[in-house]
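Comments concern the structure below.
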Amino acid sequence: MIITDVINLIRPNIINLKPYSSARHEFSGNANVFLDANENPYGSPLTQSFNRYPDPLQLDIKKKLSEIKNVPIDRIFVGHGSDETIDIIIRMFCVPNQDEIIILPPTYGMYEVAANIHDIKVQKVVLTDDFQPDLSAIKKNISPHTKIIFFCSPNNPTGNLIEPFAIQDILENFHGIVVIDEAYIDYAPSSSSWLNNLSRYPNLIILQTLSKAWGLAGLRLGMAFAHPSIIEIMNKVKMPYNINSLTQQKVLEALNNIQFLNDSIEKNNQEKEKLYQALKKFSFISKIYPTDANFILVQFDNPNEIYLHLLNYKIVVRNRSQVEKCEGCLRITIGTSEENQLLLNALSSFKSSSL
Ligand SMILES: *Cc1c(COP(=O)(O)O)cnc(C)c1O
């Protein structure tokens, strides 16, 4: 696709939208006296002041992200978690009660919820048994109203990367938007990120987040990487001040500590290997799926019993046993060495009630 065709996919009311123009948008230069935004000039009832509105376009954060990700600033959008970003993408391309998206379950739940909220039809094309896209089924489900196809790689809750050739096939043959959610990409080999190919595909939007490997879920910061014309429209649709001052400040501080990220990834990979080997020894575990993320999908003979047993030990995992293609599975986040040991101890103490 070429970018003019991509722009034609955007809803006409969004293309024609005149965005809200905030005070900090109309004047972003240097001044000594700010009397333009009705802020309280006496500061805040705190030791640190938050009386001023934050930068609506988060330029300092984008500069830093641009260095880290090696992507130009005009290809970066910053949102209130990936969840805001998913919502904006659906709202800018899909006309309610008319357009459709395709998702590939089992996958992250927010694509469907965001679509449902906006009355967008969701076509589901279930992944194959090895959790890869079924290309011919996807193509059969593409209609003239299909605007977006969502991939998640590494996929949640299965943990695997999606085959690049499958994504490439859709990117090159589908006349719509391809979203690749890379929430867990920091845990995967760096060559597996689609960021390396961003400039080749104007219909590609890549989502990443600081919520996982960066350890900043509580600050709520997600990123989208796309063609500058798409980013420009996303900025028009977002809330004027979508990232608050405290988050902007703390994120900037955190992004200077890339060592923390690298250490976390290394520890996760060590613990993943240990946990994988240890889980193999349980007779009631029928399958441990390989993972490129910070969680493992594990199939049990008796998932609900195990789930409750772990709860008795005050250990919570995610019960995915009723999800199609994940029958019998619990999704277990890889914890610290101590946490994983507690999990293994609890599993060792399990005596099936049917024995
Ligand atoms: C955890 C997760 C996210 C993160 O969402 P945030 O809103 O950025 O915290 C996004 N996508 C997937 C697939 C996830 O598992």
Side-chain angles (χ1 to χ4, degrees), residues 58 61-62 65 68-69 76-91 101-115 117 122 124 127 131-133 148-162 167 177-188 192-195 204-226 234 238-239 242-244 246-248 250-251 254-255 261 264-265 268 272 289 291-297 316-320 323 325-326 329-335:
Q58 310 98 10
I61 290 176
K62 286 179 184 165
L65 286 174
I68 295 173
K69 303 285 179 183
I76 305 177
F77 173 85
V78 172
H80 187 259
S82 306
D83 294 340
E84 181 194 16
T85 316
I86 292 165
D87 182 73
I88 289 175
I89 293 168
I90 287 183
R91 280 191 288 146
I101 65 165
I102 292 180
I103 64 168
L104 314 177
T107 193
Y108 187 51
M110 270 311 288
Y111 319 132
E112 182 172 9
V113 174
I117 289 170
V122 179
K124 297 179 191 176
L127 294 172
F131 300 139
Q132 291 300 329
I148 310 171
I149 300 180
F150 282 91
F151 291 93
C152 185
S153 182
N155 188 41
N156 178 5
T158 59
N160 61 294
L161 285 160
I162 299 299
I167 296 180
I177 299 298
V178 175
V179 175
I180 309 175
D181 185 343
E182 295 190 336
Y184 300 96
I185 202 68
D186 296 315
Y187 294 110
S192 51
S193 173
W194 278 83
L195 267 191
L204 170 61
I205 303 179
I206 297 167
L207 307 182
Q208 293 188 4
T209 178
L210 300 185
S211 293
K212 303 287 158 56
W214 275 99
L216 299 168
L219 291 183
R220 311 305 305 132
L221 195 122
M223 304 155 258
F225 303 95
M234 292 180 76
K238 76 175 182 68
M239 295 291 157
N242 60 327
I243 308 292
N244 70 66
L246 191 56
T247 294
Q248 293 202 35
K250 288 290 166 191
V251 161
L255 290 177
L261 175 77
S264 299
I265 294 166
N268 177 71
K272 172 170 86 175
Y289 288 94
T291 182
D292 273 300
N294 66 338
F295 56 85
I296 309 184
L297 191 69
V316 199
V317 298
R318 201 74 185 267
N319 192 341
R320 304 277 85 177
V323 173
K325 297 268 175 192
C326 297
C329 288
L330 303 179
R331 191 195 70 191
I332 303 174
T333 304
I334 301 163

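Whatever order the structure lists them in is the order used to number ligands and atoms, beginning at 1.
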closest protein heavy atom to atom 3 (C) of ligand 1 is Lys212 NZ, 3.3 Å
N/O separation below 3.5 Å, Ser82 to ligand 1:
yes
Tightest non-hydrogen contact, residues Leu127 and Lys325, listed as O-CE, 3.2 Å
Honestly, for Asp83 the part within reach of ligand 1 (heavy atoms, under 4.0 Å) is both
- request: Given salt bridge (charged side-chain N to carboxylate O under 4.0 Å, His left out), test Lys124 with Glu112 step by step and report yes or no.
  value: CA-CA 9 Å; Lys124 297 179 191 176; Glu112 182 172 9; 2.9 Å; yes
Ligand 1 atoms nearer than 4.0 angstrom to some heavy atom of Ala183 are 2 (C), 3 (C), 10 (C), 11 (N), 12 (C), 14 (C)
Of all protein heavy atoms, the one nearest atom 11 (N) of ligand 1 is Asp181 OD2, 2.7 Å
Original post:
Going by atom types alone, do Gln58 and Asn242 pair a side-chain donor with an acceptor below 3.5 Å?
Top reply: yes
Q) Hey, does Ala217 sit under 4.0 Å from ligand 1 if you only count heavy atoms? A) no
Cys152 heavy atoms within 4.0 Å reach ligand 1 at atoms 13 (C)
re atom 15 (O) of ligand 1, the protein heavy-atom contact at minimum distance is Tyr184 OH, 2.6 Å
(request) Answer yes or no: does atom CZ of Arg318 have more than 12 heavy-atom neighbours from other residues, nucleotides or ligands under 6.0 Å? (result) no
| request: May I ask you to check whether Arg331 and Asn156 show a side-chain donor-acceptor distance below 3.5 Å? | output: yes
Judged by heavy atoms only, the candidate from Pro157, Ser211, Gly81, Gly218 nearest atom 9 (O) of ligand 1 is Ser211
Counting heavy atoms under 4.0 Å, the part of Glu84 that contacts ligand 1 is neither
Logged contact type for Met110 with ligand 1, heavy-atom cut-off 4.0 Å, is neither
**OP:** Verify, without hydrogens or angle tests, whether Asn160 (side chain) and Phe131 (backbone) share a donor-acceptor contact under 3.5 angstrom.
**Re:** yes
The protein heavy atom nearest to atom 7 (O) of ligand 1 is Arg220 NH2, 2.6 Å
Under 6.0 Å between the ring centres of Tyr184 and Phe295?
-> yes
- Query: So do His80 and Thr247 actually touch side chain to side chain, heavy atoms under 4.5 Å?
  - Reply: no
